[in-house]
S.K.: 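Submitted below is the structure of interest, expressed as structure tokens.
All values reported here derive from a predicted model rather than from experimental measurement. The sequence lines fix the lettering, A, B, ..., with proteins before strands; numbering per chain opens at 1.
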There are 2 protein chains.
Amino acid sequence: MAPTLNERKEQILRAVVVNYIKTAEPVGSRTVARLYKVGLSSATIRNEMADLEELGYLVQPHTSAGRIPSQCGYRYYVDNLMEPGDISDDDEKVISNYLSFEKMREIEQIINNSARVLSSVTNQTSLIMGPQFKKSAFHQLRILPLDEKRGLVVLITDTGFIKNKVIDMQQQLTQAELHQVVSYLNQKLYGLTIDQVTTSLINELKRDLFKRLEILEQAFILLEESLKEEKQIRVFLGGTTNILNQPEFKDVDKIRRMLNLFEQEPLLFKILEETSNENDIVVRIGAENEYEDIQECTLITGTYKIHDKTIGTLGILGPTRMDYSRVISVMRRMVDYLNNRLSS
Amino acid sequence: MAPTLNERKEQILRAVVVNYIKTAEPVGSRTVARLYKVGLSSATIRNEMADLEELGYLVQPHTSAGRIPSQCGYRYYVDNLMEPGDISDDDEKVISNYLSFEKMREIEQIINNSARVLSSVTNQTSLIMGPQFKKSAFHQLRILPLDEKRGLVVLITDTGFIKNKVIDMQQQLTQAELHQVVSYLNQKLYGLTIDQVTTSLINELKRDLFKRLEILEQAFILLEESLKEEKQIRVFLGGTTNILNQPEFKDVDKIRRMLNLFEQEPLLFKILEETSNENDIVVRIGAENEYEDIQECTLITGTYKIHDKTIGTLGILGPTRMDYSRVISVMRRMVDYLNNRLSS
DNA sequence: CTTTAGCACTCTACGGTTAAGAGTGCTAAA
DNA sequence: TTTAGCACTCTTAACCGTAGAGTGCTAAAG
């Protein structure tokens, strides 16, 4: 869609982006001439940079400063100029070092740890959406009587999640009655994703069951509630303090807005879900993001799967001035890791 | 221990503390004379303030500024000058409004919500230690076979916690064998607190059981691990961004140190545990805190119970310049709330 | 026609100076 | 013992002026 630039302009744009990513300082024509063997004088580069500014790829903070990439500039860089490249050896070393230590079994811990790794390698803030229970398929339901009044509902999905919840049972059920209810439910719900277990479906089942047993009111309400609650998903954060190291966040007010965002789990969830794409790593630069408070940031997301079923999203959030190539390769690496780790 | 001040000095000290808490500006003698009907001229107050400074209760940021309370000054204020007072009507209204909405059943949600309330009413950062599983007593253990290879271990405590964990069972166990193991364990462990279930005790049990069944290796290792893991407790945070509103945290470096602290859950846990006292609200001002990074802060803690068993701690962390009277009363209110809520 | 050297111009960042304001300590009088 | 008065101190904000970086434009060179 964007008009293609000639090679020289591309070279210069790349030089500006790369240098600005590294130094966070506006890049002048002299710097480009010196550091990137373009074989041109600063004056020529100046002219080209003026063109690039007119085309919208560069901006000038003020008349006598160097140029910095605009959001379009970053976009062009990511789409056309960046060498995708594999993860660097150094990063790989750090990551595998981190991951080798972990003997975690609980899925939450794995996710949490991944958030930590992701943020400390990229020096950005990482967000990882916990496994989305609702996308799993119903596999099995058990009710385990605890004592006279209480029971434990255990719900097992095809992806291996186990959710449980204590319920009060006002009226006592005999073992046989309980068994009857449970096997009926299992039969009806088997294979549905949790998403598909709607309130209306539950109501229907309730009507059916009431014909046979009229004592389950309590238990049912609670089962319903429990399913509803489970749809709320945790978002794990790593390296929230990393934004403080970025010069673009020297303003306390910006920091506040970001941290505020980090406290709002449902919002983070929404942002991650909207941005992510099942099959690919997505890069949202600046105003490409829906949510206003991150329109000076770039969000990079990827998804992870359990047994080929997409189950969650990971994201890295930082200023638009971000080492795209590196972050993307690290992201790719972590997605692979999670896919392998969780499917075993 | 501290020498008692005469009434006039107390009045002036109180005035300085109160005013400084409100304005965050050094308080001059004129201000004290004007706003707090001491019936003395600024000159007299100046002399008294010079005395108070010599005694260590006030400090001067620089020669020509007003005074601000030293940490000793705050301590004296909290111990002797502050009217303890009940929670204000406004605060009570806000709190009960928040709490009336909640229909939460899960303990984690209750805690999390409490953290939110606490922080938004006090405008400080709140920390709440999740229920301390390890202080509960062992009540009942169940193993629920899921399929050929896996089982669900369910652990129930006297305080009503339910913890569960999936285990892989390499060798198959018959129902009878399983039952035997489980009832043996229940018998041996009943009534012990989780704290008391040490590795050595588990090893002992293991030896005992191996005489009868030699197939439990796997299951046992996993049970042991699961108990160990459960000793790690979550700390819920609320209002971490509130510190940004405090003028004492205008320095980005201080902000970073605090946020860094907030990311280290085990450390928060340690701080809360060290500070808290089962029977009372504890106020730790500045250097009274062990941990270096909060020695410019005040930490106020209280504990909550389930069935008269202390099970967790809540804390409020803010700059030493904090509305002590208000925070303490709010803290007291929330402790009461949690005690009632969780014991039902 | 493209590239380059040169130069005047613009804007920021920084250091130093100044003036206003707040509050003190001291002295002497009430 | 208290208070009025005053000189003194220190901070803060505003206001220069200058150095430095980088530009845009022009004119010459390739």
S.K.: So does R257(A) pair up with D253(A), basic N to acidic O under 4.0 Å?
M.R.: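 So R257(A) pairs with D253(A) through a salt bridge.
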
S.K.: If only atom types and distance count, is the side chain of E263(B) paired as donor or acceptor with the main-chain N or O of T240(A) below 3.5 Å?
M.R.: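 The answer is yes, because a donor-acceptor pair under 3.5 Å joins these two groups.
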
S.K.: I'd like to compare against my own output: the B/S/- annotation of nucleotides 17-30 of chain D with a strict under-4.0 Å heavy-atom distance to protein.
M.R.: ----BSBB------

S.K.: In this structure, are over 12 heavy atoms from other groups packed under 6.0 Å from R30(B) atom CZ?
M.R.: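 Open.
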
S.K.: Look at the side chain of S119(A) and the backbone N and O of R116(A), then say whether any donor-acceptor pair between them is shorter than 3.5 Å.
M.R.: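 Yes; judged by distance alone, with no hydrogens or angles, the pair exists.
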
S.K.: Using atom CD1 of I68(B) as one end and atom P of dA22(C) as the other, report the distance to the nearest whole Å.
M.R.: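 Rounded to the whole Å, the gap is 19 Å.
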
S.K.: With the threshold set at under 4.0 Å for non-hydrogen atoms, list the residues of residues 6-22 of chain A touching DNA chain D in residue-number order.
M.R.: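 Hits under 4.0 Å, by residue number: none.
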
S.K.: Under a 3.5 Å distance rule, please check whether T125(A) uses its side chain to pair with a backbone N or O of G239(A) as donor and acceptor.
M.R.: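 Checking the backbone N and O of G239(A) against the side chain of T125(A), a donor-acceptor pair under 3.5 Å is found.
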
S.K.: Treating T275(B) as the side-chain partner and L272(B) as the backbone partner, does any N or O pair qualify as donor plus acceptor under 3.5 Å?
M.R.: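 Flag not set: sc T275(B) to bb L272(B) has no pair under 3.5 Å.
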
S.K.: So does E288(A) have more than 12 non-hydrogen atoms from other groups sitting under 6.0 Å from CD?
M.R.: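 More than 12 within 6.0 Å, yes.
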
S.K.: Looking at side-chain heavy atoms only, is the closest gap between F249(B) and C297(B) below 4.5 Å?
M.R.: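 The answer is yes; the side chains approach within 4.5 Å.
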
S.K.: Which pairs, protein N/O on one side and nucleotides 13-17 of chain C N/O on the other, fall under 3.5 Å?
M.R.:
none

S.K.: E25(B) has an atom CD; how far is it from atom P of dT11(D), in whole Å?
M.R.: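 Rounded to whole Å, this separation is 15 Å.
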
S.K.: Set out, line by line, the N/O atom pairs under 3.5 Å between protein and nucleotides 28-30 of chain C.
M.R.:
none

S.K.: List for me each residue that meets side chain to side chain contact (heavy atoms under 4.5 Å, CB included) alongside Q60(B), sequence neighbours excluded, and say none if there are none.
M.R.: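 For Q60(B), the residues satisfying side chain to side chain contact (heavy atoms under 4.5 Å, CB included) (neighbours in sequence not counted) are E53(B), R67(B).
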
S.K.: Check for a donor-acceptor pair, side chain of Q124(A) on one end and backbone N or O of N242(A) on the other, with a separation under 3.5 Å.
M.R.: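 No, Q124(A) side chain to N242(A) backbone: no donor-acceptor pair under 3.5 Å.
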
S.K.: When you measure from the side chain of S126(B) to the backbone of A115(B), do you find a donor-acceptor pair of N or O atoms at a distance under 3.5 Å?
M.R.: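 The answer is yes, because a donor-acceptor pair under 3.5 Å joins these two groups.
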
S.K.: Return one dot-bracket line describing DNA chain C 5' to 3' (Watson-Crick or G-U wobble pairs, both distances under 3.5 Å; ( ) same strand, [ ] crossing, | another strand, . none).
M.R.: ||||||||||||||||||||||||||||||

S.K.: Sub-3.5 Å donor-acceptor pair from the side chain of R284(B) to the main-chain atoms of T298(B), do we have one?
M.R.: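 Flag not set: sc R284(B) to bb T298(B) has no pair under 3.5 Å.
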
S.K.: Between Q71(B) and T320(B), do the side chains contain a donor N or O and an acceptor N or O under 3.5 Å apart?
M.R.: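 On atom types as modelled, these side chains do not qualify, holding no pair under 3.5 Å.
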
S.K.: If you draw a 6.0 Å radius around CZ in R75(A), do more than 12 non-hydrogen atoms from other residues or ligands fall strictly inside?
M.R.: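 Enclosed.
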
S.K.: Donor-acceptor pair, E10(B) side chain versus L81(B) backbone, under 3.5 Å?
M.R.: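 Not confirmed, E10(B) side chain does not pair with L81(B) backbone.
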
